[in-house]
Structure formats: structure tokens, C-alpha cells
Amino acid sequence: MRRGDLVQLLGPIGLVVLVGIIGSLGFVSPDRQVEILGALVSVAIVVSLYVFVGNSGVVSFGHVSFVAVGAFAAGVMTIPVTLKPTITPGLFSLLARHSLGNVPSLVLAALVGGVFALLVGIPLMRLSGLSAGIATFAVLGVTHNILANWTKIGPGPLTLTTIPQTTGMLQGTLGAVGVVLVAFAYQRSRFGRKLRAAREDPAAARAAGIDIHRERLWAFALSGTLCGFAGGLFVHQAGTLQAGDVYLDLTFLTLAMLVVGGVGSLWGAVVGALVVSALGSFLLDAENGDVGFVNDLLGKPLWGGSRLVGVAAFMALVLVLLPSGLTNGREFGLPRLPRIRRPVRGSAS
Amino acid sequence: MPTADAAPILQVRGLEVRYGSVPALRDVDLEVQRGEIVGLIGPNGAGKSTTLQAIVGTVRASAGEILLGGVSIRGQAPERIVRSGVGLVPEGRRIFAALTVEENLRLGLAGRRSKNGAHEALEMVNELFPVLRESRRRHAGLLSGGQQQQLAIGRALVAEPDVLLLDEPSLGLAPTIVDAVFEKLGAIRDRGVTILLVEQRAQRTVAFADRTYVLANGELRMTLGPGEAGDTDRMVAAYFGS
Amino acid sequence: MTEHVQTLLDAVALGSIYGLMAIGIGLVFGVLRLVNFAYGQLVMAGAYALALTQDVSVVLSIALCFAVVLALSLAMELAAFRPLRNASPTTMLVATFAISYLLQSIALVRFGAIGKILVVIPQLTKPLTIGSLHVRWITIVTILVAAGVFAALTLFLTRTSIGLQMRAASIDSETARLLGVRANAVITVAVLISGAIAALVAVILPMAVPERILVTPDYALRETIIVLVGVVVGGIDRLLTATLGGFTMGFLVGALSGFLPSSGSWPFTSSVYLDSAVFMLVIVVLLLRPEGLFTRSRRSVVDRV
Ligand SMILES: Nc1ncnc2c1ncn2[C@@H]1O[C@H](COP(=O)(O)OP(=O)(O)OP(=O)(O)O)[C@@H](O)[C@H]1O
Ligand SMILES: [Mg+2]
């Protein structure tokens, strides 16, 4: 690996680790720690999403499906066996009679997400443009509808509770770092470079013998695996889970983070997730009256619910004013755009 | 019949256009006097279409001036330029195949400067191109190539432009139909419309136009008069020389 | 028997509402190549306008609904669609996603999560009895209004010059502009018509669909999702196919929810799995005919000989 590549990786990893360290400092309040942990989990989800969307250039509205199945798998399988009949009655007996530890549940979540993405991707990756967008959305609709109703595999319309909250600051940081590492390794691999070449110029890529359908499918499955894993982190942070937690709102939020940071780069995915999380935390503080200058300015705390409005407005604003995001689709530490293109040209020729 | 006193109806000065960082036109100067037919010829990729597109505002000029009747139109939206008296018959005709012939013509009315006289303008075009009247209820996509070319010209004419820009109107047409098209262009000029004609048929255009510019590699090489149509040596030199 | 007729009539009415929304989405897509995910929030805004003023007078309340929705449509066009004119379709879709959320969260902050009951014209929700058949007036009115809107719009698009320009701009907006068609004017008219249809839906929906009597921040969101899907499945390139796609979705949802049992322990066996069934169908259709179910040929209608 060249020095420039290392620098590229250093930015995202360094930032994630820094956030994790800040979250572990003694003087940080528990509330703030929860927010920081949430931000780290968001990084994991958004980077997982980026693996497909960023490298392929195809927007997916369905990735939260993979987060959802990962979260439900990890959640259902880590509730103590004795509590299952009360919390989620009606489970298949195989699910009802077994429980897993923390790490196995994360592996399971990744597997479930990956297999689901692979199965969905085989037919769907043939589509492109708007049809692909709508089809991924339809997958989300089906997944949500089934998770919200089918009590043999989960709580159905009820809420899953008593899930062990094992995603602490260390695990959250390591999880996010892991996802970033995989994403970086992928985009540097032959597969990733082929897919990026196809994103820049599909015709030329095809002429160079790249099977776009297959490359997309690999990215989709990998991205689904990471999403499932991130779903595991998500559920073990929250401790409770409802089908609605992993549906439209999360889809919106994660897409917002990716687009705000810049869809085209790993650095953008990380920055976007952290910036939007930070904005959310700040607005929440302001709603609670903890931000002095907002109180002074308004004469009172920010209106309740401003956080939602603020994040949505921020995303709309960034989209309209800076369509390629805060990082402009660049990787960390690279002053000019052309350098990011180099691997693309190399693999296309 | 150029009038001696008036300013040129269309004037292009120092025009430069770039696609990305590649210049497609460099320092192009053109003048078209009221009532003239002016030709613009050159090999493939010379920048002829780009010149017309820069005039109507569908590509951005990175430098230079474009004056219509002495007033700058550079940087204006295409619809505004068209509405101030420039008509374009684009490369490939760009007929609305799914609409009827009559609807295509009525669309051309959008470029008119005044609301009055639309009916007369349609009549005038139907007289000039009788085939359009005969097939007015048919889908334009069903017309033959020559008929579609007439429709494209008629559609630009119903706006009664001062200057008509044509991009290779004879492309892909049978020789007899090409003759008919050139004849119609003469008739259109006689109705007082100034014409800037982009063509690949070099000799034919030089002989037909009052003046013909030769463009190669994004630069103007020379201007030819009708008498020089036989001077193939000069033309070849302009096309392929540096 | 009569029960089935009632279910089918209700399904046709639901299809009509979805068809109306499909027209609204399809018109704007035609001229802007933009899929407006925030369309449902126009309906939501109209419904709040109605709900907050329903004590005053029906006429005033409906007028206000139209004013609010039209103003909001215009604001969307000026503040978001116009700056994004040359963006990619997916960027624009994501942007409207953001606008949709922005409007929902504003409604949530302003009006709270608890719904407001909205009955626009109580008389219309009473049934009309023909023999043993009970049909609510609103069912009939909905079908007639939708048919009327469709007919009027067809006339507008074929008979008026701005309508003709709109069709041309939908087929090939660059060529249309080269003929002097003022793109922004045409787009503004399309956005306004689309907004007026959203306002109309806001008036009809709470009466026609019993669950929609409650106006909440996510009002009409589910409908929008299903209509969007229907529009793409039907063929978003043309207004007729888009409308048919929307109508079909509404009809399917209405008919299936009438005929399926309301509970079952496996997916797809009861009406709670209706969304799954519809979305699965959509995926299948998209895979078989990515260019749209009702489109005639594989090639688009644009022809550049
Ligand atoms: N949209 C574009 N993007 C990039 N380059 C372009 C574009 N359009 C034209 N060019 C390039 O600009 C140059 C001039 O093209 P133009 O179409 O003006 O030539 P032309 O003289 O009309 O040729 P022809 O006789 O083939 O129509 C060519 O080299 C062409 O490849
Ligand atoms: Mg050309």
C-alpha cells in the first residue's frame, strides 16, 4: 500500500477512534455517551450502505431491510430463553428454545443480512435507475410488513425488550472501525475497482469485460452483510426493538447522512454520519435548554421536535447547495479530485 | 439584397466553446447581413453544430460575443433567444414523432414574438410545403425523411424568425429531394428570412450561398464566394491543412 | 353478491384516488424528470388546512386547502426543484425524500403526533341505498371526480397550446425549448395542476377512506409510496400509463383488503400482509417489464431520425 492510501484510511479510522475515546472520557455525561454511541452505530450503518451505493452509484432505499433482519435476528436470539414466551410468544420452537451470546449474535446478524441481500440482489441487480430504486424500496416494504406482523419469527406488532445492551463504547468503536476497514479493503480490491470503473463509465467498463451485474451483486451482498452486522450493534445498543425502528425513519436518516457527507467516498460516509449525529445532539441540547446562546437568542429553549426539522432541513439544504456533499466525494487527505480517479482508469484499461 | 446601411443581423466575434477542457471552437468570427444566405462548411467534428448551438444558447460560450441585430444575446436561455428572432432547424431534425404534423407545427408558434398572425404563419408554411397540409393529422414519425425535414423547417418558420439556422438539412436525403430542399431555401430567403446554412455538401453550398465560411478543427479557415465553388484545391487545403 | 359489488365499487373509488395522485406525480415527472416523494405531504398540508378550519365554513375551508397546497407546491418548485434542474434523477428523488421528512417533522412539531379528526362534507359519507346495495355517496363522487379530472386534463393537454407545449416538454424538453417553449412557465403550470390535484385528494381522501379520517403528520404517506410504485410499474414516461398504474394499485389494495381474511399466522394469508403482497407483485413486474407494465414498446417515444 502506498503512503497516500494509508492516509486515506487514517482519516476515517482516526475520526471514529477519536469519537470513541471522547465517549469514554470520565467527565462525559451518560446521556452524551448514549448519543456518541448512537453516532458510532450510525457510522457502521452508513458505511455499510456506502459500500453498495458509493461504489456502484446506484441508490438503494432498501438497505435498512438488511439492518432490520440483522437487528431482529440478534435481538430475538439474545433474549434469555426463559423470557421468550412472555416477550415474543408464538416463535418457532427452534427460535424459542435457543439463545446466543453477544458475539455469536453479531455473526448471526451479519450472516442473515448477507444471505438476505444476496437472495434479493440476484434478481434486483439486473435493474437500474429508477426501477432499481423503486424495487429496493419495495423490498423494504415487504421486509417491514412481515417483521411487523409475523409472530413466528419475532414480536410482530409488539416490542422486543430485555435485549442485552452489550454494545458499549469499546464494542461500538471496534464495530465501526471494523466496518470501515472492510469497506476500505473492498474499495481497494479488484472487485471494488471494477465496480467503480463501471460507475464512472458503464459502456467502457463493459467493453473492458467487466460484468457489471455480478460486480454489483458482490457489493450488494457485502453491503447487506455489513448492514446486518450493524443492525446487531444497533439492537444491542438500544435494548428494545420495534419494526418501526428500522423502517422509513432510519432509511431517511442514513441516506441523509450519506448524501450530506458525500456519496462518492468512504470519508464522506463517516463524516456525514458524524456531522448529522452531532447536529442532532446539538439541537436536542438546545431543545432541553442546555445551549446558552440559543436560550439567549430565543429567550427560551428551542421548540420541542426541532431536531427532526433541523436534520431534514439541513439535508435538503446540503442537497440543493452542495449536491456532492460536504466532502465533495473526495477521500481524506487528497487535495484534488483526479487522484481518486486513478484506480478507475488503471482497471478499465 | 443586403441593405448597405444596416448592422449585420447576426454577428459572432471571438467565439470560444469548450467541452470540458477541450476547445471545440477558437476565436470564430462570423457575420450575416440581413437577407443573405451564408454557408458554413467543414469536415466532421469541425465545430459547425457547436457554432449553431452556441448562437441559440444550448451550449455555453466561454469567450466572445454573439450579437443579434447589434444586441448581445450571449448567455441567454435558448427559449429567449428563439423568441427574439432566431430559428433553428437542428441536426437530425428532432421532430416530435409521437405528435401529429399539425401539433409539431403549432409547437413552433411558441417561438413567435407577437400573438397575432399565427394563423397566417401556419398558412404560409402550408403553402410552402403542401405535403404538410396533406398529412397534418398523421403522426410525424410516420413521415419520410424528406417530409420530416420539411416539417422541421416549417416548424421553425411559423415563428417567423429573422434568421434561420439550419444544421445539415440535406443529411440522409435522396439527391432529388436535396434539390427540392435547396430550392425551398431560396424561396424562404425570398420571403425575407436570412439564412445561415451548415452543410457537408461543400461545393453545392459554396455555389448556392452568397458567402461561405470554411471551418476546420474549431477555427475559421477562409471565406469563399459563389464563383469559387470549383476551386477544390483551396477547399481541400482548408479542410486538411493545419 | 351485493357485498362483492360494494367491495368492488370501493376498490374502484380507491383506485380513482390513487389514479389522481398518479396524475399529479406523473405530470411533474413528465416535465421535470423528477419523482416527487414529497407529493403526499402536499396532501397532508391540505388535510391539516381543512382540519384546522372545518368549524368555519366548508367553502372557505376548501378554498384555504387549495391555497395552502398551491402555495406549498410553488415553494417546492422555486426552492428545491429549480436549483436541482440538472441533477441526476436519484439526487432529485433523495432531495424530495428530504423535503417529505422536513414537512412531516414540521407537522409533528407544530400539530403533534395525535391526529385530528377531519370530516369535510358529512352528507357525502351517508350511504345511498339501491335495493340491498348500500353505496356511500363519496364513493360515487370520488369516481366521478377522478373521471372528470382525467377528461379535463386530456382536453387541456390536447386542445390548448400550453398543454401541447407540456406534452412536448415531457417528450424532449431541450427540443421544446429550441422552439421557444418557456420551460419554466410550462413547469410552473404542471406543478400547479399537480398541486391542485393534491388539494382535491386532501378533500376526498378523509371521506372516502375510513382510516384516513384522522389527519396525522404521516398522512397520505402510505398512499404516496404505493402510488409511486404503481406509477413506475405502470410506466412513468407517459401520463396515461402512469395513471393506469396508480389506479391498478389502488384497485388491488381495495379489492384485496376486502376479500382477504383479516388474520392468519403465515405471511400473505391475511390482509395485514397486503403491503407485502402488493410490493412483491411490484418487484415481479419490475423484473419482467422494467420499462413499465402498460408501455407499448421497449423504446421510448422520443424519435430522433
Ligand atoms: N456534447 C459534447 N461533449 C463533448 N464533446 C463534444 C460534444 N459535442 C461535440 N463535441 C466535440 O466537439 C467537436 C465539434 O463537434 P460538432 O458537433 O460541433 O462538429 P460538426 O462540425 O457539427 O460535425 P458533424 O459534421 O459531424 O456534424 C467534435 O470534436 C466533437 O467530438
Ligand atoms: Mg454537426
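What you see below is based on every heavy atom in this structure, not just the backbone, and it leaves out hydrogens, waters and symmetry mates. What you see is a predicted model, and the numbers here were worked out from it, not measured in a lab.
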If you check every heavy atom in [range] against those of chain C, which residues fall under 4.5 Å?
range: residues 39-60 of chain B; result: B/V56, B/T58
range: residues 107-125 of chain B; result: B/L107, B/G108, B/A110, B/G111
range: residues 151-182 of chain B; result: B/R155

### Task
Nearest 0.5 Å please: distance from the CG atom of C/D172 over to the CG atom of B/L99.
10.5 Å
### Message
How long is the straight-line distance from CZ of B/F96 back to CG of C/L164, given to the nearest 0.5 Å?
### Response
9.0 Å
### Query
Which salt bridge (Lys or Arg N to Asp or Glu O under 4.0 Å) pairs, counting each pair once, include a residue from residues 135-146 of chain B, with sequence neighbours left out?
B/E102-B/R137
### Query
In this structure, are over 12 heavy atoms from other groups packed under 6.0 Å from B/R191 atom CZ?
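Yes, CZ of B/R191 has more than 12 neighbouring heavy atoms, counting only those of other groups under 6.0 Å.
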### Query
Does B/R106 CZ have over 12 foreign heavy atoms under 6.0 Å away?
yes
#### Entry: N-O pairing of B/E79 and C/R177 below 4.0 Å
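Yes, charged N to carboxylate O under 4.0 Å.
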### Message
Only pairs of heavy atoms separated by less than 4.5 Å count here; which of B/E91, B/R80, B/E103 has the most with chain C?
### Response
B/E103
